[in-house]
S.K.: 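I'd like to ask you about the structure that follows.
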Amino acid sequence: MLKIAVLSGKGGTGKTTISASLASIIHGCAYVDCDVEEPNGFLFLNPKLDCNEQVLVQVPQIDEQLCNGCGACVRICQFNALALVRGKVLVFPELCHHCGACSLVCEPKAITEIDRSIGNISWSSNSCFFQGRLNIGEPAGIPIIKRLKQEVSKKIDLKAAVFDCSPGASCSVVNSLEGCDYASIVTEPTPFGLHDLKIAVELVREMKIPAGVIINKSGDQDAIIDEYCLAENVPVSLRVPYSRKIAEHYARGILPVEDDEALAISLTELYHSIRGEVCS
Amino acid sequence: MKIAISAKGRQINDSVDMRFGRTEYFILTDENGQLIDVLDNAAQSATGGAGIAAAQAVLDSGADILITGQLGPNAMRVISSASIPAYQAVEGTILENIQAFAAGKLSKITESGPAHAGQR
Ligand code: SF4
Ligand code: SF4
């Protein structure tokens, strides 16, 4: 399965429309919404999400009868998820990173791990669409992204999968990128776009993932991006010209490829060139 | 009585730090402003849960009273479970805050302020 990550520095660069468009025109290609804090790909692809699963993590629970208040668990926790107050342990489940260290060091075995749901993943049984959703107020969506990717990997009939990453270069983006064969970085020809592009390029370089740039709202300002890409030897693999139609479609939740033949052709070409680059 | 105050410096004449979890130091004094101890706030650089770790440090210092700017919900939970009264600091030096406290001029913090999420 060819795994393509689509990322961008900030929100609103057209990352979702481009990744959803790409996935929808390639036969046997899944769209995977890794932006678990604000999944929105479903708005464009209208999937039938008939499969669903809670994502559970293990957090400590303290048996107060067994706990002797020694504080070993509090001292070992790297994430400040525990506190010892007047001989009693307080647990802050949202801060727990599920490392299991506290239960290991507890001599009287007062700590058990209990399941806690932090969100869910859902997908269509035809394997075209996958998404994860983090419950509101939860700080870290990485377990959801991991579970999402695991589920996608199980679908061995898929030819390809497009991973729509969350904006920025956070831990969740790193996790979404992990194991991908190629990264498409969507940007806009503005100074902000360039700034964010640089961060994204550094990230994919560090992770040794081949990458290309997609300039959205391409036009007479492209030079700002082109100069950088030339200097850094990063190919510009696609330019999507600004069009009022795309903007209007976006507002109505319609994918631009649905009636933009030129875009459909260039996305197909992009896909084949990625396939060529990765598999050669 | 041992009073803990979030502080920007190590001296009694340094300014109070309105941050709790990310304060530079905690200064411990008695009610007359006599310096007892200074704690470096190890939680300052924590990626998450700074408020909890700072609250734990205040607890472990044996403080009877806390004076600070604002407490996040997690820090509030620790401080109130320990029944340590927390008072709202006013802009100014540590000494001025101790004096204001001794004169009964500081109000109690009863509600937590906004949570400060760490790095994601
Ligand atoms: S499992 Fe790890 S992160 Fe969670 S409370 Fe225990 S030690 Fe802390
Ligand atoms: S390590 Fe175990 S016994 Fe010690 S404080 Fe933690 S829960 Fe209690």
S.K.: Looking at A:Arg147 and A:Glu53, is any side-chain nitrogen of the basic one under 4.0 Å from a carboxylate oxygen of the acidic one?
M.R.: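 Counted as a salt bridge, because a side-chain N and a carboxylate O are separated by less than 4.0 Å.
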
S.K.: Working to the nearest 0.5 Å, report the span between CD1 of B:Ile94 and OG1 of B:Thr29.
M.R.: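 One gets 8.5 Å once the value is rounded to the nearest 0.5 Å.
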
S.K.: Using a strict threshold of under 4.0 Å (side-chain N to carboxylate O), is an ion pair present between A:Lys154 and A:Glu151?
M.R.: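 Salt bridge flag = yes for A:Lys154 with A:Glu151.
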
S.K.: Mind telling me whether A:Trp123 and A:Phe130 have parallel, tilted or perpendicular rings, with 30° and 60° as the class edges?
M.R.: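 A:Phe130 and A:Trp123: parallel rings.
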
S.K.: Locate the shortest heavy-atom distance separating B:Val38 from B:Arg10; write the atom from each residue and the value.
M.R.: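 For B:Val38 and B:Arg10, the tightest heavy-atom pair comes out as CG2-O, 3.7 Å.
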
S.K.: Do A:Asp164 and A:Tyr31 have side-chain atoms, one donor and one acceptor, less than 3.5 Å apart?
M.R.: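 Yes, A:Tyr31 and A:Asp164 have a side-chain donor paired with an acceptor closer than 3.5 Å.
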
S.K.: Side chains of B:Ser107 and B:Gln88: do they bring a donor and an acceptor to under 3.5 Å?
M.R.: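 Side-chain D/A pair, B:Ser107 to B:Gln88: absent.
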
S.K.: Which of the residues B:Leu59, B:Ile79, B:Asn74 is involved in the greatest number of heavy-atom pairs with chain A at under 4.5 angstrom?
M.R.: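 With the most close heavy-atom pairs to chain A, the winner is B:Asn74.
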
S.K.: Residue by residue, which of residues 81-98 of chain A have a heavy atom closer than 4.5 Å to a heavy atom belonging to chain B?
M.R.: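 When heavy atoms of chain B are the reference, residues 81-98 of chain A contributes A:Leu82, A:Ala83, A:Leu84, A:Val85, A:Arg86, A:Leu90, A:Val91, A:Phe92, A:Glu94, A:Leu95 within the under-4.5 Å range.
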
S.K.: What part of B:Ala50 lies closer than 4.5 angstrom to a heavy atom of chain A: side chain, backbone, both or neither?
M.R.: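 Just its backbone gets close to chain A.
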
